[in-house]
Amino acid sequence: MTRSHHSPRPLTRADVTPEGLWLNRRRLIAGLGAGSIAGGMGLGAWAQEALVPNEWDAITSYNNFYEFGTDKSDPVQNAGDMVTSPWKVTVDGLVDNPGDYDLADLIGDIPTEERIYRFRCVEAWSMVIPWNGFELNKLLAKVGVKADAKFVAFETAVLPDVMEGVNYPFLDWPYREGLRLDEAMHPLTIMATGIYGRPIPNQNGAPMRLVVPWKYGFKSIKSIVRISLVEEQPYATWQATNPREYGFYSNVNPEVDHPRWSQATERVVGSGLFGGRIDTLPFNGYADQVASLYDGMDLRENF
Amino acid sequence: MSAVGTIGPRISGAARKLPTWPVYLVGMVPGGFLIWAALTGGLGFDPVNKLELELGLLSLQFLLGSLLISPLLRFGRVNLIKFRKALGLLAFGYLVLHFLVWLLLDLQLRWGQIGADIVKRPYLTVGFAAFLMLVPLAATSWQGAIRRMSSQAWARLHRLVYPAAILGCVHFIMQEKVWTAESLAYLAAAILLVGSRLAWIRRW
């Protein structure tokens, strides 16, 4: 596997680092001059290829979770009252073991690992998040996918008592998303249950959310209460809301602009007033691992 | 005469005694707070975006404020005409800052993307058009300009503020992913204020 800055390798248990250590490494790297990195130190190589995660506060207080309000600062203020334990998840459709599961029963025995992914929003900003979770394919293997299933559909909880947003029809609730089965089975696709080794906060999609790092963030649906294996391409909220602007695939692609703004570059959240803007990478930097999923497809047509 | 009937002239009378410079000063306070917050990390984790948005909103607020002056006189007999220029110039000042933050801090002078965006993105085209419309108004905001242009030509030129205000609000709506009550309220206010001119402008 290529190990370049553009293609972060899937990380393993061995890469897990406590938050405190992360911060120390970040300071250390910040203090290193270009000369010492060029000296061929192991740490220098690490610094070149690794993504540097955003701070906990940035990750957990700058969120799009419209069920809790449309401002980025709304979810952290309003999501606190959502009760995530116990949590029911319905698994249905073309599966061997359908049912209403308690989340703990569904995923309790699947070991988690840390994955550090760049998260690229369709609004042309990005941050880097150290997720804890497991590959979705492990959950799918547990429930047993039938041979004729071609897509996976997901649904977010609708809790009008704690989610102010769902009382207004600016989106057709519940929030829904979907993946093609091969996308869902891909080892980069995870279900996240934690960040920085802590339980995932409500505003980030507790107790369990999808993370698909090569797609725009809105595909990574939060607070999942339903997983359905289906034969037809499922409903996806943003695609249905505005099909001209949002496609089913929504792979990060600097060449295909959103009709209202460029996707060629992105603002780096947490980089301050003068911190900047970087070039957006095809498939958000994961092209080596996932581009082959779309061989022969016109990515302008299937945006 | 009722109390309501005298309130307009009373406000007008008080306003006549006031100089205009405090309006400029007070009008710059929210911008000062904003820039202070930006420099001290008070605008959150995406400060450029926040600064851009807030400067744009301040510009719209002062622009709509300047459009409120004439209806207040026509319908409410409240004469605040002497403050209108200050409100308009404050709106323009905040708009210039809004534009500069976009150019320097957000797009960081990536000229290729800047040019392509202004042409290709309707919301930017609309916002940029509103900006261009306000440039000649700011340039002719001094007393001498009115005399040189003839007050009729000056008044006609300054009607550019009507499309500029509406385009500014359209620009605000178009950059959002969903309709929000806030952005729609701005547009409604702009349409109402511009529409109120139909009551007294006979010849456009």
Side-chain angles (χ1 to χ4, degrees), chain A residues 54-64 66 69-74 76 121-128 165 168-173 175 216-218 237-238 241-242 244-246 254 257-280, chain B residues 34-55 57 97-98 100-128 170-185:
Chain A
N54 280 85
E55 288 165 32
W56 170 266
D57 283 350
I59 296 169
T60 59
S61 57
Y62 187 84
N63 308 97
N64 276 327
Y66 281 10
T70 53
D71 271 6
K72 298 278 188 299
S73 54
D74 285 339
V76 66
C121 180
V122 74
E123 298 164 351
W125 54 262
S126 68
M127 51 170 90
V128 176
Y168 302 94
F170 57 86
L171 291 176
D172 183 15
W173 313 108
Y175 191 88
Y216 293 120
F218 67 83
T237 295
W238 281 105
T241 303
N242 197 337
R244 206 175 67 86
E245 299 192 344
Y246 308 99
D257 289 334
H258 186 282
R260 286 184 284 147
W261 55 82
S262 168
Q263 296 290 23
T265 60
E266 64 207 43
R267 250 188 353 269
V268 181
V269 169
S271 63
L273 207 48
F274 309 100
R277 185 169 273 280
I278 56 174
D279 289 335
T280 292
Chain B
L34 198 58
I35 290 165
W36 175 255
L39 293 173
T40 54
L43 295 184
F45 297 101
D46 197 1
V48 174
N49 192 38
K50 181 83 175 162
L51 188 61
E52 218 166 57
L53 175 71
E54 296 297 331
L55 285 169
L57 280 178
L97 289 176
H98 171 71
L100 284 177
V101 167
W102 178 71
L103 217 56
L104 299 173
L105 298 184
D106 194 349
L107 271 293
Q108 306 204 318
L109 298 179
R110 290 173 179 241
W111 291 108
Q113 192 178 336
I114 289 165
D117 276 1
I118 289 179
V119 178
K120 274 163 67 183
R121 317 282 162 214
Y123 91 94
L124 288 173
T125 316
V126 161
F128 192 63
V170 169
H171 165 76
F172 179 37
I173 289 178
M174 285 180 78
Q175 52 85 45
E176 297 193 303
K177 284 206 298 193
V178 291
W179 302 99
T180 64
E182 186 192 15
S183 60
L184 291 173

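Quick note on labels: first sequence line is chain A, next is B, and so on, each numbered from 1. Note that the structure is predicted; figures quoted are calculated from it, not measured. Note: hydrogens, waters and symmetry copies are ignored here, and every other heavy atom, side chains too, is used.
In this structure, A:C121 SG and B:D46 CG are separated by 10.0 Å, a value rounded to the nearest 0.5 Å. We find the CZ-CD distance between A:F170 and B:E176 to be 11.0 Å, quoted to the nearest 0.5 Å. Atom CD of A:E123 and atom CG of B:N49 lie 8.0 Å apart (nearest 0.5 Å). To the nearest 0.5 Å, atom CD of residue B:E182 and atom OG1 of residue A:T70 are 8.5 Å apart. In this structure, CZ on B:F45 lies 6.5 Å from CD on A:E55, to the nearest 0.5 angstrom.
Stacking of B:K177 on the aromatic ring of A:W238 is recorded, both the 6.0 Å distance cut-off and the 45° axial limit being met.
The greatest number of non-hydrogen atom pairs below 4.5 Å with chain B, out of A:V122, A:V268, A:D57, is found for A:D57. Between chain A and the options B:D106, B:L105, B:L107, the largest number of non-hydrogen pairs under 4.5 Å is found for B:D106.
Distance alone, capped at 3.5 Å, places no donor-acceptor pair between the A:R267 side chain and the B:V48 backbone. A donor-acceptor pair under 3.5 Å is absent between the side-chain atoms of A:R277 and the main chain of B:Q108, judged by distance alone. Checking side-chain atoms of A:R260 against main-chain N and O of B:L124 turns up no donor-acceptor pair under 3.5 Å.
Minimum interatomic distance between B:D117 and A:S262 (heavy atoms only, all atoms of both residues): OD1-CB, 3.5 Å. Pairing each heavy atom of B:P122 with each of A:P259, the nearest pair is CD-O, 4.2 Å.
Electrostatic pairing of B:R110 and A:D279 counts as a salt bridge here, judged by a charged N lying under 4.0 Å from a carboxylate O.
For A:Y66, the part sitting under 4.5 Å from any heavy atom of chain B is the side chain, from C-beta outward, and nothing else. Looking at B:L104, neither its backbone nor its side chain comes within 4.5 Å of chain A, counting heavy atoms on both sides. For A:N64, the part lying under 4.5 angstrom from a heavy atom of chain B is the side chain only. Using a 4.5 Å cut-off between heavy atoms, A:F274 contacts chain B through both its backbone and its side chain.
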request  = Take A:L273 and B:L51, measure what side chain to side chain contact (heavy atoms under 4.5 Å, CB included) needs, and give me the verdict at the end.
outcome  = CA-CA 9 Å; A:L273 207 48; B:L51 188 61; 4.2 Å; yes
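Heavy atoms of other residues, nucleotides or ligands lying less than 6.0 angstrom from NZ of B:K50 number 12 at most.
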